[in-house]
Amino acid sequence: EQYAREQNIEVSQQDIQEQYDQVASSYPSPEAFEQEMENRGLSTDFLKAEIRDQILRSKIFDHVTQDIQVTEAEVEQFYQENKDTLFYEQEKVRVSHILAQFGEDMLVSNPSEEERQRALEKIQEAKAQVDAGQSFEDVARDLSEDRHSAENGGDIGYISRGEMYEEFEAAAFSLQVGQVSDILETGFGYHILKVTDRLQEHIKEFDQVRETAESLLENEQKNHTWTEFIYGLLDDAQIEYHTDLRSSLVFEEGQP
């Protein structure tokens, strides 16, 4: 507050009201927003005070860090120091699938024999059509019970290891591009898969990630500057203690 006054940084009522209206409009209706406020025990004045503090902090942050710029050399150095972690890409495959699920819900924990048999017959029909030369994509549109991906010919996009069922991944990563799997089972049901693209593990080239690296480095420097600024404010702030609270705020040397 003291720093804001010294630098003539202010938050207008219009700033506060616009942010308040934005929060309120994120709820389905004004009544829903009011009910949520009541459930949380919040008043309009309290919320606006919180919003005012957030806006003030944001304005001060922008003011304190406005002159921070990173050079091309610094960005390149940041890339070299972090490329093995921040810019490493796992092996990925792009997969399409046809699904015959066990029940009406996508995930059935204990399917009955009848549900399993129905799903098996459905996926066998799909596999027979693909093996007979019909387009995998067309069969997916007609028969797959994953309707979201079926609209795109069964395409679910690129996957990395650790994202899907183990059986699904094992099959997907064992296929060559254009190859179709045998029938496999997961907790969702029975699938057949087709791999349509493969990306080997690699480190992205600097030119591909330059803007990302620049943004990450700039944010890192801004946050460092902000932290130093905050500690400086604590040292310089004019604080009056009207109780013995001050004694409990004395930190041991070396402690943060």
Side-chain angles (χ1 to χ4, degrees), residues 1-11 15 18-19 22-23 26 50-96 149 152 155-166 168-179 193-237 251 253-256:
E1 293 285 351
Q2 292 171 13
Y3 180 84
R5 286 195 296 270
E6 292 168 1
Q7 301 297 322
N8 296 317
I9 299 173
E10 298 179 345
V11 178
D15 292 334
E18 287 177 355
Q19 187 67 36
Q22 185 175 342
V23 173
S26 67
E50 289 293 301
I51 290 173
R52 184 257 181 196
D53 289 346
Q54 291 174 8
I55 296 174
L56 183 64
R57 180 186 182 280
S58 179
K59 287 190 172 188
I60 294 174
F61 180 89
D62 291 342
H63 179 78
V64 170
T65 61
Q66 63 183 339
D67 294 330
I68 291 179
Q69 294 182 338
V70 294
T71 66
E72 184 75 8
E74 289 173 328
V75 175
E76 290 189 27
Q77 181 180 350
F78 178 83
Y79 167 79
Q80 292 297 333
E81 292 174 348
N82 295 279
K83 64 181 181 180
D84 293 337
T85 52
L86 296 180
F87 306 111
Y88 166 76
E89 286 285 332
Q90 297 184 53
E91 179 186 16
K92 294 182 179 181
V93 289
R94 186 167 188 171
V95 184
S96 296
S149 67
N152 299 312
D155 180 41
I156 62 173
Y158 288 94
I159 65 169
S160 303
R161 297 184 190 275
E163 295 180 355
M164 308 291 286
Y165 275 102
E166 182 179 345
F168 192 102
E169 286 183 6
F173 281 93
S174 68
L175 296 172
Q176 300 299 315
V177 174
Q179 189 176 6
L193 313 181
K194 179 181 179 181
V195 167
T196 58
D197 193 20
R198 180 183 296 270
L199 300 176
Q200 299 297 338
E201 64 175 347
H202 65 284
I203 295 174
K204 292 183 178 180
E205 297 294 333
F206 176 70
D207 289 342
Q208 294 178 280
V209 297
R210 186 198 174 285
E211 290 185 3
T212 300
E214 181 179 15
S215 178
L216 289 171
L217 178 58
E218 188 174 285
N219 287 336
E220 181 181 281
Q221 293 190 3
K222 285 184 176 181
N223 288 331
H224 177 72
T225 299
W226 177 253
T227 299
E228 290 189 332
F229 167 75
I230 292 297
Y231 280 116
L233 283 187
L234 293 173
D235 291 338
D236 297 339
F251 302 116
E253 187 174 351
Q255 295 299 313

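In this structure, R94 and R198 have side chains that are not in contact, with every pair of non-hydrogen atoms separated by 4.5 Å or more. With contacts defined as side-chain heavy-atom distances shorter than 4.5 Å, the pair K92/F173 does not qualify. Looking at heavy atoms from C-beta onward, Y3 lies in side-chain contact with I9 at the 4.5 angstrom threshold.
Pairs passing the salt bridge (charged side-chain N to carboxylate O under 4.0 Å, His left out) check and including a residue from residues 71-87, sequence neighbours excluded, read E72-R210. Sequence neighbours left out, the pairs with a member in residues 157-166 that pass salt bridge (charged side-chain N to carboxylate O under 4.0 Å, His left out) are E91-R161. Every pair tested for salt bridge (charged side-chain N to carboxylate O under 4.0 Å, His left out) that includes a residue from residues 223-236 fails, sequence neighbours excluded, so the list is empty. Judged as a ring pair (Phe, Tyr, Trp, His ring centres under 6.0 Å), the pairs with a partner in residues 73-94 (not counting sequence neighbours) are, in order, Y79-F87, Y79-F206.
Applying the side chain to side chain contact (heavy atoms under 4.5 Å, CB included) rule to Q179 yields the partners L175, Q176; only residues at least two apart in sequence or on another chain are considered. When the side chain to side chain contact (heavy atoms under 4.5 Å, CB included) test is applied to D15, the partners found at least two apart in sequence or on another chain are V11, S12, I55, K59. A search for side chain to side chain contact (heavy atoms under 4.5 Å, CB included) contacts involving E205 returns Q208, not counting sequence neighbours. The side chain to side chain donor-acceptor pair (under 3.5 Å) search around E1 returns R52, not counting sequence neighbours. For E10, there are no side chain to side chain contact (heavy atoms under 4.5 Å, CB included) partners at least two apart in sequence or on another chain.
Here the CG-CG distance, from D155 to D197, works out to 10.0 Å after rounding to the nearest 0.5 Å. Here S149 contributes atom OG and I156 contributes atom CD1; the two are 7.0 Å apart, rounded to the nearest 0.5 Å. A distance of 8.5 Å separates CD in Q221 from NE2 in H224, rounded to the nearest 0.5 Å. Atom CD of residue E201 and atom OG of residue S160 lie 11.0 Å apart, to the nearest 0.5 angstrom. In this structure, CD1 in I203 is found 11.5 Å from CG in N82, a value given to the nearest 0.5 Å. Here the straight-line distance linking atom CG of D53 with atom CD of E50 works out to 6.0 Å at 0.5 Å rounding.
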Could you list the donor-acceptor pairs under 3.5 angstrom formed between side-chain atoms of residues 60-70 and any protein atom two or more places apart in sequence or on another chain?
from: H63; atom 1: NE2; to: Q7; atom 2: OE1; distance (Å): 3.4
from: T65; atom 1: OG1; to: F61; atom 2: O; distance (Å): 2.7
from: Q66; atom 1: NE2; to: H63; atom 2: O; distance (Å): 3.4

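The backbone N or O of T212 lies less than 3.5 Å from no partner atom in the side chain of S215, so there is not a single donor-acceptor pair.
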